[in-house]
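Data first, discussion second: the structure below is written as structure tokens.
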Amino acid sequence: MVRSFLKDTDFTPLEAAEIFELAARYKATRSAGIIDVLNSQSWGVLFYKKSTRTRLSFEAGLYELGGHPMVMYADDLQISRGETIEDTARIMGRFLHGLVIRTFGQDIVEKFAKYSGIPVVNALTDLLHPCQSYTDMFTMTEFFSQGKANPESIKGKKFVFYGDTACNMAYSLALAGAMFGVEVVLCGPEEFRPAPILDELFSEVNLTPTWSFTSDPIEAARGANVLYTDVWVSMGKEEEKAQRIKTMSPYQVNMDLFKVADRGAYFMHCLPAHAGEEVSQEVLDSPRSIVFDQAENRLHVQKAIVSYLVKKNRQLGK
Ligand code: CP
Ligand code: NVA
């Protein structure tokens with residue numbers, strides 16, 4: 001079976017650490033130009049949902065690895081007129097060497113992986129966003145080890161995620177956090193607490209959970225090393241917007257939370273941000289905010305993920 005990256009736990013913690021090492025190398029040497037890992041391979045980048053960072057970072061990253069990125073929107077493909085995912089995947093497998101997908105259900109990326117026979121990278125589903133969570137852990141390693149990207153440096157750090165704790169980011173961060181020994185506190189309203197699926201994701205793999213849930217925002221922030229948030233209205237949830245904003249407003253990341261957090265605490269956000277909702281403008285603009293370094297790291301980490309997959313699949317004879 002060709003190896004893909006559909007869930008955070010598709011790499012072992014040791015493999016993820018190797019990916020971080022590679023990402024740090026790619027970051028340090030980017031200005032040297034193309035590193036020909038892909039040998040002119042064509043990789044599809046397929047979107048069922050909107051994107052800015054993922055679109056830019058994968059298109060640039062695949063090019064910088066010596067590949068040919070082909071960005072596609074599901075609305076432009078025959079899939080929007082009823083062609084099945086199975087057939088679309090089989091066709092893609094005939095033309096492409098790899099595929100990056102942003103879509104709705106996790107079952108869709110799984111089907112593409114099953115029927116295409118090529119490596120598939122999950123670039124966000126309703127369930128998970130593993131490219132982002134790996135980038136976030138990598139970014140933390142940089143900031144907690146003075147630019148050295150040492151995974152040991154984040155072990156035991158207190159990381160608090162605020163808002164919709166039943167969303168893709170919350171789940172991916174709980175999984176990736178456990179892989180690196182980070183204490184992940186998910187903090188939000190009771191009605192948005194993690195669903196049983198998060199326990200199921202852990203039970204599929206040999207990984208001890210390090211996450212907990214609380215609805216008390218100040219208690220959660222006490223002594224925290226990272227305060228993190230994501231939009232309150234994820235893509236596909238637009239109809240619930242008014243209700244979500246009302247319910248989640250006590251969970252805005254603002255200076256009150258930074259007052260009780262560790263003095264060296266950082267603010268992180270996967271972006272796009274809605275200042276005044278999930279984060280105050282003051283926090284977003286403060287020196288504690290590392291959101292743009294975080295965003296840039298998508299490029300380096302994803303290049304490392306793709307090239308690691310290609311290397312592993314070559315070793316498997318795929
Ligand atoms: N964080 C993230 O995935 O951003 P985009 O939705 O812009 O790709
Ligand atoms: N939870 C957000 C993440 C965006 C990168 C969403 O799914 O829209």
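All values derive from a computational prediction rather than experimental measurement. What's counted below: heavy atoms across the whole structure, side chains too, no hydrogens, waters or symmetry copies. Start at 1 and go down the list; that is how both ligands and their atoms are numbered.
With ring centers used as reference points, F5 lies 6.0 Å or more from Y308. Side-chain rings of F20 and F180 approach one another, their centers coming within less than 6.0 Å.
Side-chain atoms of S307 and Y26 include a donor-acceptor pair closer than 3.5 Å. Between Q132 and N168, the side chains place no donor N or O within less than 3.5 Å of an acceptor N or O (distance only, hydrogens not considered).
Contact annotation: D126 has no heavy atom less than 4.0 Å from any atom of ligand 2.
For K157 and D262, the salt-bridge test fails: no basic side-chain N is under 4.0 Å from an acidic carboxylate O. Checked for salt-bridge contact, K241 and E238 miss the test: no charged N lies under 4.0 Å from a carboxylate O. A salt bridge is defined here as a Lys NZ or Arg NE, NH1 or NH2 lying under 4.0 Å from an Asp or Glu carboxylate O, and R3 with E15 meets this definition.
Looking at M235 next to ligand 1, no N or O pair under 3.5 Å apart turns up. Checked against a 3.5 angstrom limit, the closest N/O atoms of N168 and ligand 2 fall inside it. Checking only distances, P272 never comes within under 3.5 Å of ligand 2, N or O to N or O.
Relative orientation of the Y228 and F159 rings is tilted, given thresholds of 30° and 60° on the angle between their planes.
Summary of contacts: the protein heavy atom closest to atom 7 (O) of ligand 1 is T52 N, 2.7 Å. Of all protein heavy atoms, the one lying nearest to atom 4 (O) of ligand 1 is R53 NE, 2.8 Å. Protein heavy atom in closest approach to atom 2 (C) of ligand 1: R298 NH1, 3.3 Å. Scanning the protein for heavy atoms near atom 8 (O) of ligand 2, the closest one is M235 N, 2.8 Å. Atom 6 (O) of ligand 1 has as its closest protein heavy atom R102 NH1, 2.8 Å.
Heavy-atom proximity to H129, at under 4.0 Å, picks out these atoms of ligand 1: 2 (C), 3 (O).
With a 4.0 Å heavy-atom cut-off, ligand 1 is reached by the backbone of L271 but not by any atom from C-beta on. Neither the backbone nor the side chain of R55 comes within 4.0 Å of ligand 1, counting heavy atoms alone.
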